Number of protein chains: 2
Amino acid sequence: MRIGELAARAGTTTRTLRYYETRGLLPARRTGNGYRTYDEDDLRLLRQIRTLQDFGFDLEETRPFVECLRAGHPEGDSCPASLVVYRRKLAELDALIEQLSSVRAQVGAQLARAEAAVLGGPEPKCELGGHG
Amino acid sequence: MRIGELAARAGTTTRTLRYYETRGLLPARRTGNGYRTYDEDDLRLLRQIRTLQDFGFDLEETRPFVECLRAGHPEGDSCPASLVVYRRKLAELDALIEQLSSVRAQVGAQLARAEAAVLGGPEPKCELGGHG
DNA sequence: GTAGGCCTTGACCCGGACGTCAAGGCAAGA
DNA sequence: TCTTGCCTTGACGTCCGGGTCAAGGCCTAC
């Protein structure tokens, strides 16, 4: 199939596929007139990339999965390198969620304090340890 | 004070202050020779901006707080517009945390599945299992 | 008078994942 | 033949918060 069909079947754009090719992630064969041509295996690779992208993996992080599939393994995560990426991503997610939760708590406290100030006058000035 | 001193006292850079000025967020008075000049109130505005930036607010979101202070209110969040930003940010944080938690669960499940497959699953095409 | 440190504006650079033209080639239908 | 639609490469734009020069002005100290 050509680039337009592949893009449509994967729910993405031709621009994206050309970009992946410049990154060496999804190279294409060419027909006589220079058109890119892809097969069902390429669609599979592309869907692996897209799934991981939807999870927030950046392009480089999808590479081990793509290479794993291209090497003939049944799944993109059938290789140790992919598992390494999974574990690193889990650690990143945990750290990020923790940080965001902390920020959420602080912003929530600020909002509560500011709302109280509006209602009851400018008595408390600090976010912690109220007195008086 | 001039731009270098203000930057140093706020723990930021002169480039950042000039950038804020282009955004209309922290305009500066000028001396006869064209140098920017700031006072203690500007330092206060700048610190408000930096605090919110550290929380992940983008620059535009800090504007209501800055204008609130500039209007003479005791705190940057003493104005309704600031509270609106607080609430919207809380909603964004909640949505983001929820989404990341969902992704975290899915990635965790994928990792568990892939690890199980490596240990005992069907892998006729390769011998990643190690111990057979 | 000159070295050094601060200041000015302008302009380009970074990353990530593409979007959006521009100019033209190729294939198929009416 | 002409139109339509898909394809090609190349190049620039986007978002965001600045970083990093470069060329030159201002002020002070020695």
Side-chain angles (χ1 to χ4, degrees), chain A residues 1-39 42-43 45-66 85 88-89 92-93 96 100 103, chain B residues 1-39 42-43 45-63 65-66 85 88-89 92 96 100 103:
Chain A
M1 82 194 87
R2 292 180 307 188
I3 194 171
E5 185 181 347
L6 178 62
R9 289 181 64 185
T12 183
T13 67
T14 60
R15 179 68 183 90
T16 295
L17 299 189
R18 294 194 188 97
Y19 177 67
Y20 290 175
E21 186 170 344
T22 69
R23 305 277 84 196
L25 204 57
L26 192 67
R29 270 76 57 201
R30 300 297 180 120
T31 62
N33 58 18
Y35 286 13
R36 290 172 178 82
T37 184
Y38 303 89
D39 57 23
D42 290 316
L43 177 58
L45 300 187
L46 180 52
R47 286 191 167 137
Q48 173 73 83
I49 296 171
R50 296 263 97 194
T51 298
L52 294 173
Q53 285 266 87
D54 290 345
F55 279 166
F57 287 55
D58 46 289
L59 267 190
E60 277 311 307
E61 288 177 323
T62 72
R63 197 179 294 274
F65 296 80
V66 174
V85 174
R88 196 182 60 220
K89 184 57 68 176
E92 286 174 9
L93 283 168
L96 184 55
L100 289 176
V103 169
Chain B
M1 80 194 86
R2 291 180 306 188
I3 193 169
E5 184 181 346
L6 178 62
R9 289 181 64 185
T12 183
T13 67
T14 61
R15 179 68 182 89
T16 294
L17 299 189
R18 294 195 188 97
Y19 178 66
Y20 290 173
E21 186 170 347
T22 69
R23 305 279 84 197
L25 205 57
L26 193 65
R29 271 76 58 200
R30 301 295 180 120
T31 61
N33 58 16
Y35 286 14
R36 290 172 178 82
T37 183
Y38 303 88
D39 57 23
D42 290 317
L43 177 58
L45 301 187
L46 180 53
R47 285 190 168 140
Q48 173 74 82
I49 296 172
R50 295 263 99 195
T51 298
L52 293 174
Q53 284 266 88
D54 289 346
F55 278 165
F57 287 54
D58 41 283
L59 267 190
E60 277 311 306
E61 289 177 322
T62 72
R63 196 179 294 274
F65 296 81
V66 174
V85 175
R88 195 181 62 221
K89 183 57 67 178
E92 285 174 10
L96 184 55
L100 289 177
V103 168

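None of these values were measured; they are calculated from a predicted model. What's counted below: heavy atoms across the whole structure, side chains too, no hydrogens, waters or symmetry copies. The sequence lines fix the lettering, A, B, ..., with proteins before strands; numbering per chain opens at 1.
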When rounded to the nearest 0.5 angstrom, what is the spacing between [atom1] in [X] and [atom2] in [Y]?
X: B/Leu25; Y: B/Tyr19; atom1: CG; atom2: OH; answer: 9.5 Å
X: A/Ile3; Y: A/Thr14; atom1: CD1; atom2: OG1; answer: 5.5 Å
X: A/Leu6; Y: A/Asp42; atom1: CG; atom2: CG; answer: 7.0 Å
X: A/Asp58; Y: A/Leu52; atom1: CG; atom2: CG; answer: 10.5 Å
X: A/Arg30; Y: A/Thr37; atom1: CZ; atom2: OG1; answer: 10.5 Å

Open item on the list: Check this for me, if you would: do A/Glu21 and A/Arg18 make a salt bridge, where the nitrogen-to-carboxylate-oxygen distance has to be below 4.0 angstrom?
Closed with: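 Answer for the salt bridge query: no.
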Task: Side-chain ion pair, B/Arg2 and B/Glu5, N-O less than 4.0 Å - done: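 Result for this pair is no, no salt bridge flagged.
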Open item on the list: So if I take residues 28-36 of chain A and measure heavy-atom distances to DNA chain C, which residues fall below 4.0 Å?
Closed with: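 A/Asn33, A/Tyr35 - these, ordered by number, are the residues of the stretch whose heavy atoms sit under 4.0 Å from the strand.
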Open item on the list: I'd like the 5' and 3' limits of the part of DNA chain D contacted by chain B, with heavy-atom contacts below 4.0 Å.
Closed with: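 Contacts span D/dG17 to D/dC27, reading 5' to 3'.
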- [ ] Starting from the first five and the last five pairs of the helix from C/dG1-D/dC30 to C/dA30-D/dT1, work out the angle between the resulting helix axes, to 10 degrees.
- [x]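 Both end axes considered, the difference amounts to 40°.
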Please list, pair by pair, any protein nitrogen or oxygen found under 3.5 Å from a nitrogen or oxygen in nucleotides 13-17 of chain C.
unit_1: C/dA17; atom_1: OP1; unit_2: A/Leu59; atom_2: N; d: 3.1

Task: Minimum side-chain heavy-atom gap A/Arg29-A/Asp39 below 4.5 Å - done: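 Yes, close enough: below the 4.5 Å cut-off.
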- [ ] Side-chain contact test, heavy atoms from C-beta onward, threshold under 4.5 Å: evaluate it for B/Arg50 versus B/Thr16 and give yes or no.
- [x]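 Answer yes - side chains close enough.
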Open item on the list: Taking side-chain hydrogen bond (donor to acceptor under 3.5 Å, both in side chains) as the definition, give me every residue that meets it alongside A/Gln48, ordered by chain and number, with sequence neighbours left out.
Closed with: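 Residues passing side-chain hydrogen bond (donor to acceptor under 3.5 Å, both in side chains) with A/Gln48: none at all.
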- [ ] Please name all residues satisfying side-chain hydrogen bond (donor to acceptor under 3.5 Å, both in side chains) with A/Asp54, sequence neighbours left out, ordered by chain then number.
- [x]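 Partners of A/Asp54 by the side-chain hydrogen bond (donor to acceptor under 3.5 Å, both in side chains) criterion come out as none, since no residue qualifies.
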TODO: Identify whether any heavy atom of B/Arg18 sits under 4.0 Å from a base atom; if not, whether one sits that close to sugar-phosphate; answer base, sugar-phosphate or nothing.
DONE: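 Counting heavy atoms under 4.0 Å across all strands, the contact made by B/Arg18 includes a base.
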Task: CA sep, side-chain torsions, deciding dist, call: B/Val66, B/Leu26, side chain to side chain contact (heavy atoms under 4.5 Å, CB included) - done: CA-CA 8 Å; B/Val66 174; B/Leu26 193 65; 5.6 Å; no
